[in-house]
Amino acid sequence: MTQPLTGKQILIVEDEPVFRSLLDSWLTSLGADTQLAQDGIEALEKLAGLTPDLLICDIEMPRMNGLKLVEHIRNEGNQTPVLVISGTGNMSDIAKALRLGVQDVLLKPVKDFNRLRETVFACLYPAMFNSRVEEEDQLFQDWDALVANPSAAAKLLQQLQPPVQQVMSHCRINYRQLVAADEPGLVLDIAPLSDQDLAFYCLDVTRASDNGVLAALLLRALFNGLLQEQLSRQRQRLPELGNLLKQVNQLLRQANLPGQFPLLVGYYHSGLKNLILVSAGLNATLNTGDHQIQLSNGVPLGTLGNTYLNQISQHSESWQCQIWGSGGRLRLMLSAE
């Protein structure tokens with residue numbers, strides 16, 4: 001009988017020797033060629049001479065943890081499928097892993113090896129397995145608990161806010177926000193896609209109340225994967241953000257989150273110095289020093305079955321973007337290094 005993983009190379013990154021050996025034996029029995037690493041540093045050394053079909057890693061490891069490892073390889077443009085298997089109970093770690101574009105997250109202890117087998121196959125053969133909707137249903141292990149506990153969802157969203165100053169993708173970024181006290185208001189997320197490009201979005205959660213917070217958590221987990229998917233479909237580097245917003249609009253409906261969701265999405269390439277902004281319900285003004293451009297708000301997501309967007313594209317080494325809606329006002333500043 002043909003072993004289903006014959007010809008597949010899998011890198012296991014796990015600091016716990018018993019579980020590492022268990023995974024190694026199990027995957028080898030299915031025909032896989034396995035390589036082992038004890039932490040992120042050793043994994044990077046292996047990856048210097050290895051192009052695996054799948055990387056399986058823990059989150060909590062010495063020297064370099066799993067989140068740092070995945071962030072590093074994604075910033076290098078490495079899109080190897082990643083399956084995280086971790087004992088963490090920290091939902092923010094799981095959300096960050098998903099935002100970095102991992103294919104799935106399983107929690108230890110792994111008791112159901114049929115589920116593990118299906119998950120490994122889905123990572124290696126995505127076209128043959130779960131639809132995106134089914135994958136979204138497993139995004140958060142306790143999504144139902146978040147739906148039932150709005151205060152816990154709002155607290156998690158607050159924990160995931162990005163730092164006000166950071167450097168990523170050869171860009172210096174900072175932002176200032178003016179919102180009502182103790183209100184989520186405008187939710188910002190910024191994430192690197194590679195060492196030269198990044199993406200961000202701003203979502204006004206006030207119009208949809210508790211559903212706005214849930215929509216922000218869903219978007220935060222899915223955004224990177226959706227954008228990477230858009231980029232992979234195109235030969236040119238610049239994504240079709242309009243198509244991205246249409247996908248988000250559809251996902252909100254599939255997740256049964258009614259309401260209005262004003263959203264602005266941006267993409268910047270530090271090499272090309274090109275910025276794209278698309279708005280569905282938020283006002284924005286872009287200032288590049290030489291030009292000031294007004295982006296009208298358009299129609300919020302969730303309002304209609306279709307999306308009605310406004311988009312601008314501008315070439316600039318540094319810029320400021322003022323964004324405002326009923327949830328407050330935000331100023332995002334970027335300078336390419």
Side-chain angles (χ1 to χ4, degrees), residues 2-88 90 93-110 113 115-129 167-170 191-198 224-225 228-229 231-232:
T2 303
Q3 293 173 303
L5 297 184
T6 298
K8 295 297 182 181
Q9 193 164 61
I10 300 176
L11 175 59
I12 302 168
V13 190
E14 170 63 62
D15 66 319
E16 185 182 357
V18 173
F19 188 60
R20 184 172 66 241
S21 177
L22 178 64
L23 274 179
D24 181 26
S25 299
W26 180 74
L27 290 166
T28 302
S29 73
L30 295 176
D33 176 15
T34 58
Q35 296 285 328
L36 308 179
Q38 298 183 50
D39 56 36
I41 297 292
E42 188 176 352
L44 290 179
E45 292 170 356
K46 298 270 187 183
L47 287 169
L50 180 70
T51 306
D53 298 289
L54 176 64
L55 189 153
I56 299 178
C57 75
D58 195 359
I59 288 182
E60 297 175 354
M61 296 182 291
R63 298 204 297 173
M64 177 186 282
N65 67 29
L67 294 177
K68 291 290 185 183
L69 170 62
V70 177
E71 184 175 20
H72 181 91
I73 67 171
R74 290 295 188 249
N75 286 346
E76 293 292 318
N78 184 334
Q79 295 304 315
T80 297
V82 177
L83 168 61
V84 169
I85 303 179
S86 175
T88 184
N90 189 333
D93 282 348
I94 295 172
K96 184 173 182 181
L98 291 165
R99 192 181 76 174
L100 287 170
V102 307
Q103 273 55 45
D104 211 336
V105 178
L106 295 180
L107 295 182
K108 294 177 182 176
V110 176
F113 273 77
R115 165 95 189 275
L116 177 59
R117 179 189 175 107
E118 290 176 2
T119 303
V120 168
F121 285 10
C123 291
L124 289 168
Y125 310 105
M128 296 172 58
F129 283 83
V167 176
M168 67 172 65
S169 304
H170 299 294
L193 300 171
S194 75
D195 64 346
Q196 282 201 309
D197 57 344
L198 58 87
N224 269 33
Q228 292 284 10
E229 192 175 280
L231 288 169
S232 68

Applying salt bridge (charged side-chain N to carboxylate O under 4.0 Å, His left out), name anything that partners Lys46, two or more places apart in sequence or on another chain. none

Does some side-chain heavy atom of Leu11 sit less than 4.5 Å from a side-chain heavy atom of Thr80? no

Test applied, salt bridge (Lys or Arg N to Asp or Glu O under 4.0 Å); reference residue, Asp39; option that passes from Lys68, Arg63, Arg20: Arg63

Can you confirm whether Leu5 sits close enough to Leu124 that some side-chain heavy atom of one is under 4.5 Å from a side-chain heavy atom of the other? yes

Non-hydrogen atoms of Leu69 and Gly40 that approach each other most closely: CD1-O, 3.9 Å

Distance (rounded to the nearest 0.5 Å) between Gln79 CD and Gln103 CD: 8.5 Å

Working to the nearest 0.5 angstrom, can you tell me the gap between Gln35 CD and Gln9 CD? 5.5 Å

Distance, nearest 0.5 Å, that separates CD of Gln196 from CG of Asn75: 12.0 Å

Taking all atoms of both residues into account, what is the closest heavy-atom pair of Gly66 and Cys57, and its distance? CA-SG, 4.2 Å

When rounded to the nearest 0.5 angstrom, what distance separates CD1 in Ile56 from CG in Asp104? 11.0 Å

Nearest heavy-atom neighbours spanning Pro81 and Leu54: O-CD1, 3.4 Å

Look at the side chain of Glu14 and the backbone N and O of Glu16, then say whether any donor-acceptor pair between them is shorter than 3.5 Å. yes

Within a strict 4.5 Å, meaning less than it, do heavy atoms of the Leu55 and Leu47 side chains meet? yes

Is there a side-chain contact between Val120 and Leu30 in this structure, where contact means two heavy atoms from C-beta onward sitting under 4.5 Å apart? no

Under a 4.5 Å cut-off applied to non-hydrogen side-chain atoms, are Ile10 and Leu23 in contact? no

Quick one: pull up OG1 in Thr119 and CG in Leu106 and give me the separation to the nearest 0.5 Å. 4.5 Å

Would you indicate whether the side-chain heavy atoms of Ile73 and Leu44 approach each other to under 4.5 Å? yes

How far apart are the closest heavy atoms of Leu67 and Asn65, and which atoms are they? N-OD1, 3.1 Å

One pair to check against salt bridge (Lys or Arg N to Asp or Glu O under 4.0 Å): Lys108 and Asp58. What are the steps and the verdict? CA-CA 10 Å; Lys108 294 177 182 176; Asp58 195 359; 3.3 Å; yes

So, do Arg74 and Val82 sit near enough that their side-chain heavy atoms are less than 4.5 Å apart? yes

Say whether, by atom type as modelled, one donor and one acceptor occur between the side chain of Thr28 and the main chain of Asp24 under 3.5 angstrom. yes

